[in-house]
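These notes are about the structure you will find just below.
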Amino acid sequence: MNLKQLEDSNHHSVGYGAGSGQVINEVYECPCGNGKVYYEKDDIPGFKSTDISCDCKECNEKYTFGRGTAKEK
Ligand SMILES: [Zn+2]
């Protein structure tokens, strides 16, 4: 399913000594609507990482999250 996006903020980062890049932060509503799903992507040379977390315990146990999506486990 697709999650409802609540916030979208992309900002420029000065990087971590390996050049500058983009940091993407997006916040989605969790499937039950009681929590939030946070998507963060650091797109900085030499420091690429993606982090998805959900602060809703129920949905955390029930779903696997992607960028703006949730899949039942
Ligand atoms: Zn939830």
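Atoms within each ligand, like the ligands themselves, are counted from 1 in listed order. One-based numbering along the sequence shown.
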Carboxylate-amine/guanidinium contact Lys62 Glu58, below 4.0 Å
no

Note: Ala70 and Tyr63 closest approach over all heavy atoms is CB-CD2, 4.0 Å

Closer than 2.8 Å to the Zn ion (ligand 1) - protein N, O or S atoms, ordered by chain and residue number:
Cys30 SG, Cys32 SG, Cys56 SG, Cys59 SG

To the nearest 0.5 Å, what is the distance between CG (Asn60) and CZ (Phe65)?
6.0 Å

Between CD on residue Glu29 and CG on residue Leu6, distance to nearest 0.5 Å:
5.5 Å

When rounded to the nearest 0.5 Å, the distance separating SG of Cys59 from NZ of Lys36 is 14.0 Å

Distance check, rounded to the nearest 0.5 Å: Tyr38 atom OH versus Asp55 atom CG?
4.5 Å

